[in-house]
Amino acid sequence: RCHHFVRLKNNRVFRQAHGITLMRYITQLRIEAAKKIIIDTPERVGDVAKLVGFKSSTSFCNVFRKHTGCSPNEFRHNNNLKDQNVRFEK
């Protein structure tokens, strides 16, 4: 019980300081890391999920979509098109 109380108090302190919960902050960091991997490498979505700490690619895809508005594959496709457009404009 004491451990649970400390965890709740720490979460409250973090939320007061940063405006979001610690778990949400960690999730945002994981999604930002995933976005970089998706753009910069040809890693499969399941491998990206594992690299950023998700146990299942399904939960990773759900969280990714919630945070970005698109699936990891759509995100990769959209960002690859942007990169190609920049190259053609130069």
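Atoms considered below: every heavy atom in the structure, side chains included; atoms not considered: hydrogens, waters and symmetry mates. Numbering of residues begins at 1 and proceeds along the displayed sequence. This one's a predicted model, so the numbers in the text were calculated from it and none came from an experiment.
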How are the rings of Tyr25 and His18 set relative to one another: parallel (under 30°), tilted (30 to 60°) or perpendicular (over 60°)?
parallel

For Phe60 against Ile38, the heavy-atom pair lying closest together:
CZ-CD1, 4.4 Å

My understanding is that only one of Asn73, Val45, Val48 makes a side chain to side chain contact (heavy atoms under 4.5 Å, CB included) with Cys61; could you say which?
Val45

State yes or no: do Leu29 and Phe14 share one hydrophobic cluster built from I, L, V, M, F, W and Y residues joined by side-chain heavy-atom distances below 4.5 Å, directly or via other members?
yes

Measuring only between side-chain heavy atoms, which start at C-beta, is Ile37 closer than 4.5 Å to Leu51?
yes

Heavy-atom closest pair, residues Phe54 and Ser59:
CD2-OG, 3.8 Å

Should Ile26 and Val52 be regarded as members of a common hydrophobic cluster, given that ILVMFWY residues are connected when their side-chain heavy atoms come within less than 4.5 Å of each other, either directly or indirectly?
no

Find out whether Leu22 and Asn10 are in side-chain contact, i.e. whether some heavy atom of one side chain is under 4.5 Å from a heavy atom of the other.
no

May I ask you to test the Lys36-Glu32 pair for a side-chain heavy-atom distance under 4.5 Å?
no

Here the gap from Asn62 atom CG to His67 atom NE2, rounded to the nearest 0.5 Å, amounts to 11.0 Å

Under a 3.5 Å distance rule, please check whether Arg76 uses its side chain to pair with a backbone N or O of Thr41 as donor and acceptor.
yes

Looking at side-chain heavy atoms only, is the closest gap between Arg30 and Val63 below 4.5 Å?
no

Please name the pair of heavy atoms, one in Ser56 and one in Ala49, separated by the smallest distance, quoted to 0.1 Å.
O-CB, 4.3 Å

Hey, what do you get for CZ (Arg65) to CD1 (Ile31), rounding to the nearest 0.5 Å?
12.0 Å

Locate the shortest heavy-atom distance separating Gly46 from Ser57; write the atom from each residue and the value.
CA-CB, 3.9 Å

